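The structure presented is a predicted model; accordingly, all values stated were derived computationally and were not measured. Just so you know, residue 1 is the first one in the sequence shown, and it goes up from there. We use all heavy atoms of the structure for the numbers below, so side chains are in, but hydrogens, waters and symmetry mates are not.
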Amino acid sequence: MATIEILGVPHAYELTAPTSCPHALVFIHGWLNSRGYWQPVISRLSDDLQCLSYDLRGFGESQSQVKTDFSRAETSLSLTPISSSALGSPIDSLYTPAAYAQDLAILLKQLNINSAWLIGHSLGGTIALWGADQIPECVKGVICINAGGGIYLKEAFEQFRSVGQKFLQVRPRWLSQVPLIDLLFTRANVARPLGRYWARQRVIDFVVADPEAALGSLLDSTTEEEINRLPELVSQLKQPVYFLAGAEDKVMEPKYVRHLASFHRLFQYCGDNVLEIPDCGHLAMLEQPDAVAAHIRSIVNSH
């Protein structure tokens, strides 16, 4: 593991060796996850494709106890040029997808990665879409995994936000030491039970996530404005954008994945940019790493 400082916060990342392919694959994890979840997929791709995975600010090992009092908006704008998007860039908060995309832009610049495919899971997929909008000269394409949406259902989102806030209130540090607690995480949001190793990692990531980042990213990514902005964002992207959906995903159902995908030119009326993975829930990279890796390789090679 290596670390690099971005706007005062150390970010943990792992970068595999360069290959003959001119593009790097950049993996962005979802809410309450960490970079390690990508390892099964990266291990299948890194021989011929350079892979970068990192922990989002406030998650995994990308955390700092030092709180800065300067304006993130001013700092971000001075460090990272923003594309001329009619949408605007909501970086007044530290935890919007656009703000996390700013972190990503700085990370790629510091690592001298000038050509990348962004691959994001769930919330990471939204961050990847914003990244493609902010640095189009660098981002050659986007692959969203278990990510979609773009429809604001008031009651459903209010309930989701409420449940999420309560969920975050019950996570004392000693929780990870409770015998067999990981068994609860083997079945959550997946089509088939995960192995105990990954369930254990889910417990750890749940417990160690920074409270402010965990709550802030939940609330800031699910506002009516943020959800309604997604379709327009996708429609404006010039890069190829693909969506991998889990057929049994109950968190982001395939119909919502297809809805967001339909705003991109590659959809072509029949969903040409949507690939559904059978027997798969919301953690495709752990449940079906062979299928995910094969789809990623095929998409990148086709462009």
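- Rounded to the nearest 0.5 Å, atoms CG (D48) and OG1 (T19) are 6.5 Å apart.
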Passes side-chain contact (heavy atoms from CB on, under 4.5 Å), D103 versus L7? Steps please. CA-CA 8 Å; D103 291 345; L7 301 177; 3.9 Å; yes
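- Between G216 and Y95, the shortest heavy-atom contact is C-CB, 3.4 Å.
- Residues satisfying the side-chain contact (heavy atoms from CB on, under 4.5 Å) criterion with T222, sequence neighbours excluded, are F157, F160, R161.
- For Q268, the CD atom is densely surrounded, since the number of other residues' heavy atoms within 6.0 Å is greater than 12.
- Each of I299 and V26 belongs to its own hydrophobic cluster when Ile, Leu, Val, Met, Phe, Trp and Tyr are linked at side-chain heavy-atom distances under 4.5 angstrom.
- Looking only at distances, a side-chain donor or acceptor of W31 sits under 3.5 Å from a matching main-chain atom of A214.
- Salt bridge present: R35 and E61 bring a charged side-chain N and a carboxylate O closer than 4.0 Å.
- Taking the ring centre of Y100 as origin, the terminal cationic atom of R57 falls inside the region bounded by 6.0 Å and 45° from the ring axis.
- Atom CZ of R265 has more than 12 heavy atoms from other residues, nucleotides or ligands within 6.0 Å.
- Here the OG1 atom belonging to T186 is positioned 13.5 Å from the CZ atom belonging to R200, to the nearest 0.5 angstrom.
- At least one donor-acceptor pair under 3.5 Å links the side chain of E287 to the backbone N or O of G281.
- Scanning all heavy atoms of the two residues, the minimum distance from N146 to M252 falls at O-CB, 3.7 Å.
- The main-chain N or O of Y152 is never found under 3.5 Å from a side-chain atom of E224 such that the two would form a donor-acceptor pair.
- Between the side chain of Q239 and the backbone N or O of A132 there is at least one donor-acceptor pair closer than 3.5 Å.
- Both Y54 and L94 belong to a single network of hydrophobic side chains, linked directly or stepwise wherever heavy atoms of I, L, V, M, F, W or Y lie under 4.5 Å apart.
- A donor-acceptor pair is defined here as one N or O able to donate and one able to accept, closer than 3.5 Å; no such pair exists between the side chain of Q201 and the backbone of G36.
- Within the 4.5 Å cutoff, side-chain heavy atoms of L107 are placed close to those of L52.
- At distances below 3.5 Å, not a single donor-acceptor pair connects side-chain atoms of S162 with backbone N or O atoms of E158.
- When side chains are defined from C-beta on, T126 does not count as touching S221, because their heavy atoms never get closer than 4.5 Å.
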Evaluate Y13 against L111 for side-chain contact (heavy atoms from CB on, under 4.5 Å), listing each step before the verdict. CA-CA 11 Å; Y13 73 93; L111 293 176; 3.6 Å; yes
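- No donor-acceptor pair under 3.5 Å is formed between the side chain of H29 and the backbone N or O of W38.
- Remark: the backbone N or O of D279 is not paired with any side-chain donor or acceptor of E248 at under 3.5 angstrom.
- Residues L260 and L118 share a hydrophobic cluster, clusters being chains of Ile/Leu/Val/Met/Phe/Trp/Tyr side chains in contact below 4.5 Å.
- Residues satisfying the ring-ring contact (aromatic ring centres under 6.0 Å, His included) test with H11, not counting sequence neighbours, are none.
- Cluster membership check: L244 shares its hydrophobic cluster with L286, using side-chain heavy-atom separations under 4.5 Å among Ile, Leu, Val, Met, Phe, Trp and Tyr.
- Residues that satisfy the ring-ring contact (aromatic ring centres under 6.0 Å, His included) test with H259, not counting sequence neighbours, are F263.
- Under the 4.5 Å side-chain heavy-atom criterion for Ile, Leu, Val, Met, Phe, Trp and Tyr, Y37 and M1 are members of distinct hydrophobic clusters.
- Counting non-hydrogen atoms of other residues, nucleotides and ligands closer than 6.0 Å to CD of Q159 gives a total of 12 or fewer.
- Considering only heavy atoms from C-beta on, P289 comes within 4.5 Å of R44 through its side chain.
- With S62 contributing its side chain and D55 its backbone, the two residues share a donor-acceptor pair below 3.5 Å.
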